[in-house]
Amino acid sequence: MDIHNTLSKLDQLGCAYAFYYHPTGREAVFEANCERFSSASIIKIPILLSWIHLERQGLVDRAELCDLDSEPQVQGAGFSWLLRGRKLPYQDVLMLMIALSDNLCTNLIIERIGLARLQQTMRETLGLTGTQIQRKLMDFAARERGLDNWVAASEAIRFYALMSALTPTERDWAEAMLLVNQDDALLKRNLTRDTVDFYHKTGSVAGVLHDWGYTRSTEMFLFTQKVPQEQPVFEVFGELGELLAG
């Protein structure tokens with residue numbers, strides 16, 4: 001596959017994009033015409049990593065029960081707002097945040113950590129400065145005030161090192177959630193079902209499509225924004241995702 005030619009389709013559409021591909025033992029490919037992207041749920045990766053680091057310090061506990069009604073019942077992605085049982089351990093709340101990109105669950109995690117402490121952990125512990133969380137999800141009033149959540153393409157490469165630096169137990173837990181991500185519409189769309197274990201997180205809002213993840217032999221992400229038509233961009237995701245099959 002000629003990666004450059006495939007990405008040129010995004011240039012022709014006028015998309016902003018960043019693509020990273022690193023098979024084990026080979027030189028990494030990083031092609032981008034943009035550095036700063038609307039996070040569109042990719043911010044949930046550093047939120048999870050921040051939780052893990054804070055749990056090491058005894059500041060949060062995934063076994064603690066979370067009251068699902070303690071935050072405004074935002075909808076969008078996920079379905080926790082529909083659950084009859086209204087108390088779950090934070091471990092389950094985190095799973096819903098990652099596997100289903102549940103927005104209510106994400107806000108519950110942000111509230112439990114505290115936005116200021118989360119920002120500090122991302123900046124000082126994870127070393128992320130361009131990747132920023134400035135508001136809860138679905139908080140349109142905050143967005144109108146100019147607050148938003150961002151992911152820096154170059155720092156998304158750092159996410160891989162941060163995952164690798166986890167203890168084996170922490171990494172097993174995080175990977176189990178990434179593996180059951182239910183969104184197969186992007187990098188996995190052309191892969192034969194159940195043939196590739198892809199530990200990944202996707203995100204999408206109007207004009208934005210993202211997929212970040214890795215297999216045991218390949219790291220890959222594609223971020224896109226200013227998407228004028230989704231179908232041709234879906235096709236680019238599928239074509240590039242075929243590289244995950246080796």
Side-chain angles (χ1 to χ4, degrees), residues 16 18 34-55 59-60 62 64 66-83 88 90 92-156 158-159 162 174 177-178 181 183 200-212 221 223-227:
C34 183
E35 166 65 6
R36 193 186 200 211
F37 290 83
S38 171
S39 78
S41 289
I42 299 301
I43 199 68
K44 293 167 186 173
I45 298 169
I47 291 174
L48 174 62
L49 289 165
S50 295
W51 178 282
I52 291 171
H53 282 273
L54 290 167
E55 190 162 39
L59 298 174
V60 293
R62 74 188 79 162
E64 179 185 337
C66 172
D67 182 353
L68 299 182
D69 292 322
S70 64
E71 276 287 303
Q73 301 295 290
V74 299
Q75 299 178 19
F79 51 66
S80 61
W81 55 281
L82 286 170
L83 293 175
L88 294 176
Y90 276 100
D92 291 349
V93 175
L94 287 156
M95 183 272 294
L96 291 169
M97 178 183 80
I98 296 298
L100 298 178
S101 212
D102 192 290
N103 291 323
L104 170 58
C105 287
T106 305
N107 286 350
L108 289 160
I109 296 300
I110 294 170
E111 181 64 22
R112 178 63 185 86
I113 293 174
L115 184 58
R117 182 162 61 182
L118 178 57
Q119 292 168 336
Q120 181 181 23
T121 302
M122 287 174 55
R123 184 177 61 252
E124 297 180 5
T125 303
L126 305 184
L128 305 174
T129 56
T131 299
Q132 299 175 339
I133 182 164
Q134 300 175 343
R135 62 169 177 84
K136 291 180 180 177
L137 279 69
M138 311 296 284
D139 187 344
F140 302 114
R143 190 166 65 184
E144 286 296 317
R145 298 196 305 272
L147 301 176
D148 220 328
N149 301 327
W150 305 97
V151 59
S154 59
E155 291 183 348
R158 176 169 169 73
F159 294 172
L162 291 168
M177 293 185 282
L178 292 166
N181 177 5
D183 186 359
H200 71 132
K201 181 75 194 74
T202 55
S204 62
V205 294
V208 179
L209 297 167
H210 299 329
D211 201 345
W212 176 99
F221 69 76
F223 297 159
T224 62
Q225 62 188 15
K226 299 182 181 178
V227 173

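Side chains included, hydrogens not; waters and symmetry mates left out as well; all remaining heavy atoms used. Note that this is a predicted model, so its numbers are computed, not measured.
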Note to self: Under 3.5 Å, is there a donor on one side chain and an acceptor on the other for Lys44 and Ser39?
What the structure shows: no

Note to self: Could you report the tightest heavy-atom contact between Ala40 and His210, atom names first, then the distance?
What the structure shows: CB-CD2, 3.7 Å

Next item on the list: For Glu155 and Thr129, test the side chains for any donor-to-acceptor distance below 3.5 angstrom and give the result as yes or no.
Entry: yes

Item checked: Heavy-atom closest contact (Lys136 atom, Asn107 atom, distance) -> CB-OD1, 3.2 Å

Checklist line | Check: His200 main-chain N/O paired with Asn181 side-chain donor or acceptor under 3.5 Å | finding: yes

Notebook entry, point to check: What's the spacing between Asp183 CG and Ser204 OG if we round to 0.5 Å?
Noted result: 6.5 Å

Note to self: Is there a side-chain contact between Phe159 and Ile42 in this structure, where contact means two heavy atoms from C-beta onward sitting under 4.5 Å apart?
What the structure shows: yes

Notebook entry, point to check: Ignoring hydrogens and geometry, is there a side-chain-to-backbone donor-acceptor pair from Asn149 to Gln134 under 3.5 Å?
Noted result: yes

Checklist line | Sidechain-backbone polar pair: Glu71 side chain, Leu68 backbone, donor-acceptor under 3.5 Å | finding: no

Checklist line | Under 3.5 Å donor-acceptor, Thr202 side chain and Asp211 backbone | finding: no

Checklist line | Cys34 versus Ala18, closest heavy-atom pair with distance | finding: O-CB, 4.1 Å

Item checked: Nearest heavy atoms of Arg112 and Tyr90, plus distance in Å -> CD-OH, 3.5 Å

Next item on the list: Starting at OG1 of Thr224, measure out to CG of Leu209 and round the result to the nearest 0.5 Å.
Entry: 4.5 Å

Notebook entry, point to check: Donor-acceptor pair, Gln119 side chain versus Ile133 backbone, under 3.5 Å?
Noted result: yes

Notebook entry, point to check: Without hydrogens or angle criteria, can the side chains of Asp102 and Ser80 be said to hold a donor-acceptor pair below 3.5 Å?
Noted result: yes

Checklist line | Contact summary for Ser101 and Lys201, nearest pair of heavy atoms | finding: OG-NZ, 2.8 Å

Item checked: Modelled atom types, side-chain donor and acceptor of Ser38 and Gln225, under 3.5 Å -> no

Next item on the list: Applying side-chain contact (heavy atoms from CB on, under 4.5 Å), run through Leu100 and Met95 and close with a yes or a no.
Entry: CA-CA 8 Å; Leu100 298 178; Met95 183 272 294; 5.9 Å; no

Margin query: Against Thr131, only a single residue in Ile45, Ile43, Leu126 fulfils side-chain contact (heavy atoms from CB on, under 4.5 Å); can you say which?
Written below: Ile43

Notebook entry, point to check: Do the side chains of Ser50 and Thr125 get nearer than 4.5 Å, heavy atoms only?
Noted result: no

Check: Heavy atoms, side chains only, cut-off 4.5 Å: are Met122 and His53 in contact?
Finding: no

Checklist line | Whether Glu35 side chain and Ser154 backbone form a donor-acceptor pair below 3.5 Å | finding: yes

Check: What's the shortest heavy-atom distance between Trp212 and Ala156, and which atoms?
Finding: NE1-O, 3.0 Å

Next item on the list: Drop me the distance from Leu108's CG to Cys66's SG, to the nearest 0.5 angstrom.
Entry: 4.0 Å

